2 protein chains.
Amino acid sequence: MPETRFRHIADRLVSEYAELPPGTKVAGEHEIAERFGVGRAAARAAMQELQRRMLVRRIKGGGTYTAKRIDYMISADRAPSWSRTVRDAGAVPRSVVLSCDPLDLPHDVAVHLGRAPDEAGYRLRRRSFTDDLPASWGDEWVPVDVLPQLPTAIRHESSLHEILRQMAGASPERASSRASIEVASDEVAEGLECATGDPVWLVESVNRDAASGRLLCFTRRWIRADAMRVVFELGGSVPSADAPG
Amino acid sequence: MPETRFRHIADRLVSEYAELPPGTKVAGEHEIAERFGVGRAAARAAMQELQRRMLVRRIKGGGTYTAKRIDYMISADRAPSWSRTVRDAGAVPRSVVLSCDPLDLPHDVAVHLGRAPDEAGYRLRRRSFTDDLPASWGDEWVPVDVLPQLPTAIRHESSLHEILRQMAGASPERASSRASIEVASDEVAEGLECATGDPVWLVESVNRDAASGRLLCFTRRWIRADAMRVVFELGGSVPSADAPG
DNA sequence: GAGTGGTCTAGACCACTAC
DNA sequence: TAGTGGTCTAGACCACTCC
């Protein structure tokens, strides 16, 4: 293990920042360079190391802040709801509707929902936050006949899960889901307010009504890897080490 | 979108490298700096951008080479076998046994396997390759009574999946599995021959015999994110856009 | 306007790899 | 031994955010 300057600085800062609550503003590059008596390149390398380890969030012109990753659990027996999932992890969820347009279902979406291409649907585009930090961005596709009143309903209740329960009388559950790590394109980076090329999750899910099996919606959502630690569980929850049985 | 120098260089190189077969050696930092008439910092930023996008692999003192990510599919209906999974993705798998020691099952492993702590087991530690590039590293835990002859068998056949089939008469399948993205510790980085702090997958799985349901082994495996694009599927394969039906 | 992170120059030395 | 990527200095200008 090389004993480089920036690595030494990074390790120091890791232990210092570990005791700070998430969201605390910390020293900037210039200050770190001065404090440790190094050039800005070394100080910058140290800060970028912390960012790579997802321990801080850096905002151009704004500063550097301690960060916390939230667990986003995906499994067959958990509700397919952003609010529920985030709340279960101990954070505060929030969603903002960017658009809700009537559009024909694209080919790939129609396939996922077992519909004919060009059937009428709604594309609900939202940005979601954990503790008021942007964490997720993406589309929800709902066939019009599943929920004709979606555009008006979404103005009063931001949880699609709740709307489906209350207005469509459905109990949404995951029919299938697929997750992978990708690299943020320009469009995704803009939606997530991160940099192009940052690591992001792509989660695609099809939800159905638990009682009837009817397919309800298709979700294509990007999630910032520095905001959420997506954990995908197959075949029931794997018991964790500190919760035996 | 900012029109920075390094971004312009990176975009140029992306389109140039796209036509090269994986593993091709490409120009180094110094050469890029000269070619585009920029300082080394700009050239370096461009190369690091390509590395972040997982398009190249860089080896200290060795050079920069074009890279390719292999799909590693995990779902209930796929065989829990490294060789099979890699071969299915069109690459050549290889595994090297680092150690195979008789050890008491640690607490957490015993819990996963439904055993009492401190029962006798084997810890099989291996490094695995795709197209001769290090891609995975981790442990397989097998209770001794499942496969007493494992240490000798693994000397002749590198696939644990095959050994379980042939010598234990079992048909291994995934009982449960759990995947997340983590940041490489020093130990993991050494096992994967990557840098500390690089993004890596952690995949933990419990495998059972399809016929009897008997739990066979527990796997804790780290996978380089730049080598494999892990895709996790829940509730059956989600049909892809170009394979409707 | 002050401070921040992002970009960039023109050098330098080093450890490492390949030959 | 030549070339590579990794680290580092001591400056600089910029766009951006916060106040």
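Here is how names work: the chains are called A, B, and so on, in the same order as the sequence lines, proteins then strands, and each is numbered from 1. Note that the structure is predicted; figures quoted are calculated from it, not measured.
Comparing A:Gly37 and B:Val26 by the nucleotide of DNA chain D that holds the closest heavy atom to each, the one mapping nearer the 5' end is B:Val26. Residue-to-nucleotide proximity on DNA chain C shows that, of A:Lys25 and B:Ala41, the 5′-proximal contact is made by A:Lys25.
Rounded to whole angstrom, the span from the CD atom of B:Glu31 across to the P atom of D:dG3 amounts to 11 Å. Following rounding to the nearest Å, A:Phe36 (CZ) and D:dT9 (C1') show an atom-to-atom distance of 18 Å. As rounded to whole Å, 10 Å separates atom P of D:dG6 from atom CZ of A:Arg52. Distance CD (A:Glu49) to P (D:dC8): 12 Å, rounded to an integer number of Å. The interatomic distance linking A:Ile32 (CD1) with C:dG3 (P) rounds to 16 Å, in whole Å. Rounded to whole Å, atom P of D:dC8 lies 12 Å from atom NE2 of A:His8. If you measure from atom CD of A:Glu34 to atom P of D:dA10, you get 13 Å, rounded to the nearest angstrom. Atom-to-atom, CZ of B:Arg57 to P of D:dG5 comes out at 15 Å; the value is rounded to the nearest Å.
Shown here are the side-chain hydrogen bond (donor to acceptor under 3.5 Å, both in side chains) partners of A:Arg123, two or more places apart in sequence or in another chain: there are none. Take B:Asp11 and apply the salt bridge (Lys or Arg N to Asp or Glu O under 4.0 Å) test, not counting sequence neighbours, and it matches B:Arg7, B:Arg53. Contacts of B:Glu182 classified as side-chain hydrogen bond (donor to acceptor under 3.5 Å, both in side chains), with partners at least two apart in sequence or in another chain: A:Arg229, B:Ser180. The ring-ring contact (aromatic ring centres under 6.0 Å, His included) search around B:Tyr122 returns none, not counting sequence neighbours. Applying the side-chain contact (heavy atoms from CB on, under 4.5 Å) rule to B:Thr152 yields the partners B:Gln149, B:Arg155; only residues at least two apart in sequence or on another chain are considered.
Residue A:Arg44 is in base contact, counting any heavy-atom pair closer than 4.0 Å across all strands shown. At the heavy-atom level, B:Ala42 lies under 4.0 Å from the strands shown only through sugar-phosphate atoms.
If you check C:dG5, D:dT7, C:dC8 against the side chain of A:Thr4, the one that comes closest is D:dT7.
Within the structure, every side-chain polar atom (N or O) of A:Arg7 is placed at least 4.0 Å from both OP1 and OP2 of D:dT7. In this structure, B:Thr64 does not reach the D:dT4 phosphate: none of its side-chain N or O atoms is under 4.0 Å from OP1 or OP2.
None of B:Val56, B:Thr64, B:Val26 except one satisfies the side-chain contact (heavy atoms from CB on, under 4.5 Å) rule with B:Leu50; the exception is B:Val56.
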Using atom types as modelled, flag every donor-acceptor pair under 3.5 Å from a side chain in residues 89-104 of chain A to any protein atom, sequence neighbours excluded.
from: A:Arg94; atom 1: NE; to: A:Asp132; atom 2: OD1; distance (Å): 2.8
from: A:Arg94; atom 1: NH2; to: A:Asp132; atom 2: OD1; distance (Å): 3.2
from: A:Ser95; atom 1: OG; to: A:Ser128; atom 2: OG; distance (Å): 3.0

Going by atom type alone, with no hydrogens or angles, which donor-acceptor pairs under 3.5 Å involve a side-chain atom of residues 33-43 of chain A and a protein atom two or more places apart or on another chain?
from: A:Arg35; atom 1: NH1; to: A:Glu16; atom 2: OE1; distance (Å): 3.4
from: A:Arg35; atom 1: NH2; to: A:Glu16; atom 2: OE2; distance (Å): 2.6
from: A:Arg40; atom 1: NE; to: A:Glu29; atom 2: OE1; distance (Å): 3.1
from: A:Arg40; atom 1: NH2; to: A:Glu29; atom 2: OE1; distance (Å): 2.5

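The shortest distance between side-chain heavy atoms of B:Val230 and B:Met73 does not fall below 4.5 Å.
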ask   = How does each nucleotide of nucleotides 12-17 of chain C score, in 5' to 3' order, for protein heavy atoms under 4.0 Å: base (B), sugar-phosphate only (S), or none (-)?
value = B---BB

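Of the residues in residues 12-21 of chain A, none lies under 4.0 Å from DNA chain D by heavy-atom distance.
Salt-bridge formation is not detected for the pair B:Glu140/B:Arg125: no Lys NZ or Arg NE/NH1/NH2 atom is positioned less than 4.0 Å from an Asp or Glu carboxylate oxygen.
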